Structure formats: C-alpha cells, structure tokens
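In what follows, a single structure is set out as structure tokens and then discussed.
The structure presented is a predicted model; accordingly, all values stated were derived computationally and were not measured. In what follows, chains are A, B, ... by sequence order, proteins preceding strands, each numbered from 1. Note: hydrogens, waters and symmetry copies are ignored here, and every other heavy atom, side chains too, is used.
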Number of protein chains: 2
Amino acid sequence: MVQHQPSPLDGTFAALADATRRGVLEQLGRGDASISVLAERFQMTLTGMKKHVGVLEQAGLVRTEKVGRVRTCRLGPRRLAEEASWIERYRQTWDVRFDALDQVLAQLQSPES
Amino acid sequence: MVQHQPSPLDGTFAALADATRRGVLEQLGRGDASISVLAERFQMTLTGMKKHVGVLEQAGLVRTEKVGRVRTCRLGPRRLAEEASWIERYRQTWDVRFDALDQVLAQLQSPES
DNA sequence: TACATACTGAACCAGATGGTTCAGCATCAA
DNA sequence: TTGATGCTGAACCATCTGGTTCAGTATGTA
C-alpha cells in the first residue's frame with residue numbers, strides 16, 4: 001500500500017503549512033488583491049510574495065490574471081474538499097481507537113462484567 | 001495581521017504533506033506498530049522511518065513508548081480539530097465568494113431585474 | 001557467553017524552501 | 001518622452017527535508 005505517485009494532497013497540505021500563505025488565502029477571502037498589495041501587507045519583497053502565490057496557484061488554491069501591469073490574485077478552483085474528507089476520516093478513526101482505549105481503561109478500573 | 005509566532009498548524013500541515021506519513025497515520029489507525037514494522041511496510045530504513053515518526057510525534061499526531069528494545073507507535077493526542085476547523089472556515093469563505101461571483105455572472109447574462 | 005534483533009545518533013547527500021538582491025521589461029501618467 | 005510603478009527572472013544564500021550508510025548501544029535468546 002505504499003503510495004508512489006505524488007498525491008494532490010501533498011501540494012495542498014504543503015501550501016497550507018506556511019502561515020504567510022494561509023494569511024494570503026484569508027486575505028483573498030476578503031477580496032481580490034494584487035501581488036504588490038499582498039507583498040506590502042505581509043512585509044515582503046514582490047519577488048518573495050510572487051513565489052508564495054506561485055505555490056498557492058500550483059496547488060489550485062489561487063488563480064491569477066494579469067491585466068496591464070497588475071497581476072490580480074483571487075481564490076482558485078480548489079475547495080479543499082479532499083483535504084477536508086481526509087481529515088474527517090482520520091478524526092473518525094481517532095475517535096474509534098480512543099473509544100476502544102477508554103473501554104479498556106474502564107474495564108481495568110471496574111471489571112464487574 | 002502578519003503572524004510571527006509559528007502556529008501549531010504549520011507543523012501538522014507539514015506533517016500531513018507527505019504521503020508516507022499520511023500512510024503511517026492510516027496504518028496506526030488500524031493498530032499500533034513498531035518502528036521496524038512501519039519501516040518494512042513502507043520499504044525504508046529504520047533510520048528513515050524513525051525520522052518520519054519523529055516529525056509526526058513532534059506534531060502531536062503520534063505517541064511512542066519504548067519497552068525493551070521495541071518502540072511502539074500509536075496515534076497521538078492531536079485530533080486535527082484546529083486543522084479541520086481552519087479548512088471548514090476556508091470552505092465557507094470560498095462558497096460565499098463563488099456564490100457572489102455566480103450572481104454577478106447571472107446578472108450579466110440575464111439582467112432583467 | 002555469543003549472536004541476533006531493534007533501535008539510535010552522527011554524518012552525509014541532493015534537492016526543496018523561503019527568503020533576498022539586482023537587473024530587466026512593460027505599462028501607465030504627466 | 002520621461003519617469004514612476006508593477007511585475008518578472010536569474011542568481012544567490014542559509015536552512016530544512018527526505019533519504020541514506022555506518023557505527024554504536026541495549027535487549028532478548030540459545
């Protein structure tokens with residue numbers, strides 16, 4: 001069951017693993033923005049911000065369009081559906097395992113069955 | 001609004017950004033396992049697997065305990081609650097923005113209001 | 001005691017990451 | 001046409017990552 005092809009989850013989770021990039025997504029949730037606006041907001045060079053936007057765009061979380069000199073960034077097509085469902089599945093497994101553990105502990109403490 | 005302190009989300013999302021580590025979590029969801037069992041399952045050296053487990057442990061996703069020579073790995077305290085809620089908030093924002101976009105597009109196509 | 005097993009730590013490696021500076025190029029405004 | 005603005009690409013840098021090998025140490029087992 002080893003996974004050899006890179007999953008799209010790799011890219012999205014990696015994109016989300018950076019506070020600046022999560023901040024950019026939240027910012028874009030409040031409205032579209034140019035590279036320079038984002039760069040100023042996050043106190044970074046244009047080049048640096050462009051790289052972050054590139055990572056987000058690669059992951060499908062941001063879409064950009066250049067008009068004139070200005071490249072406008074907005075939220076992209078990826079809705080994080082697969083990511084959400086992976087995490088939900090994990091949380092269910094976690095609950096099952098820890099419920100089982102709780103039962104074992106309860107048994108150990110009051111084994112009147 | 002720039003985030004300077006590293007958020008715990010950084011560590012968990014980074015931990016989830018690797019297919020091997022997601023696989024280890026799924027494996028541990030089916031039952032506890034030693035480092036060597038995991039290493040064999042994912043065709044990797046003990047040292048390599050130990051590093052992955054270290055990353056997961058650091059993120060709170062795995063807990064380990066050494067008894068004798070064997071270090072047993074099990075799911076850790078972190079339930080991915082914050083991660084799930086960050087993603088849910090994002091999905092809601094996304095829906096709002098794209099509903100708004102849809103309305104604009106609908107207006108443009110049939111502006112009879 | 002002797003040998004195998006299970007892990008551990010240090011060192012190394014290639015490639016990715018998160019930033020920078022610098023030198024362009026295109027576009028808009030005066 | 002001149003100058004400011006906005007972005008882009010190349011090059012560089014330090015650090016992190018995902019793996020390895022090799023040389024231990026500790027623990028079981030015969």
Just call it for B/Ile35: base, sugar-phosphate, or nothing, with non-hydrogen atoms closer than 4.0 Å on any strand. sugar-phosphate
Listed partners of A/Glu57 passing side chain to side chain donor-acceptor pair (under 3.5 Å), at least two apart: A/Thr64
For a quick check of understanding: with a heavy-atom distance under 4.0 Å over all strands, which category does A/Thr45 fall into, base, sugar-phosphate or nothing? base
My understanding is that only residues two or more places apart in sequence, or in another chain, count here; which of them pass side chain to side chain donor-acceptor pair (under 3.5 Å) with B/Gln92? none
For B/Arg91, all residues meeting side chain to side chain donor-acceptor pair (under 3.5 Å), sequence neighbours excluded: none
Using heavy-atom distances to pick each residue's nearest nucleotide on DNA chain C, tell me which of A/Val67 and A/Met44 is more 5'. A/Met44
Starting from P on C/dA16, measure out to CG on A/Asp18 and report it in whole angstrom. 18 Å
Rounded to the nearest 0.5 Å, how far does CE of B/Met49 lie from SG of B/Cys73? 8.5 Å
Residues two or more places apart in sequence or in another chain: which of them pass side chain to side chain contact (heavy atoms under 4.5 Å, CB included) with B/Ala14? A/Ala17
Which residues share a side chain to side chain donor-acceptor pair (under 3.5 Å) with B/Trp86, sequence neighbours left out: A/Glu26
For DNA chain D, which residues in residues 47-57 of chain B have a heavy atom at a distance below 4.0 Å? B/Thr47, B/Gly48, B/Lys51, B/His52
Distance under 4.0 Å to a non-hydrogen atom of chain A counts as contact; along DNA chain D, which nucleotides mark the start and end? D/dA4 to D/dA10
Apply salt bridge (charged side-chain N to carboxylate O under 4.0 Å, His left out) to A/Asp10 and list each qualifying residue two or more places apart in sequence or on a separate chain. B/Arg22
In residues 68-76 of chain B, which residues come under 4.0 Å of DNA chain D by heavy atom? B/Gly68, B/Arg69
Could you note down all residue pairs passing salt bridge (Lys or Arg N to Asp or Glu O under 4.0 Å) where residues 42-54 of chain B supplies at least one of them, sequence neighbours left out? none
Give every residue pair that meets the salt bridge (Lys or Arg N to Asp or Glu O under 4.0 Å) criterion with at least one member in residues 74-83 of chain A, sequence neighbours excluded. A/Asp32-A/Arg74, A/Glu65-A/Arg74, A/Arg78-A/Glu82, A/Arg78-A/Glu83, A/Arg79-B/Asp95
A/Gln43 atom CD is separated from C/dG19 atom P, nearest whole Å, by 12 Å
Rounded to the nearest 0.5 Å, how far apart are CG of A/Leu16 and CZ of A/Phe13? 7.5 Å
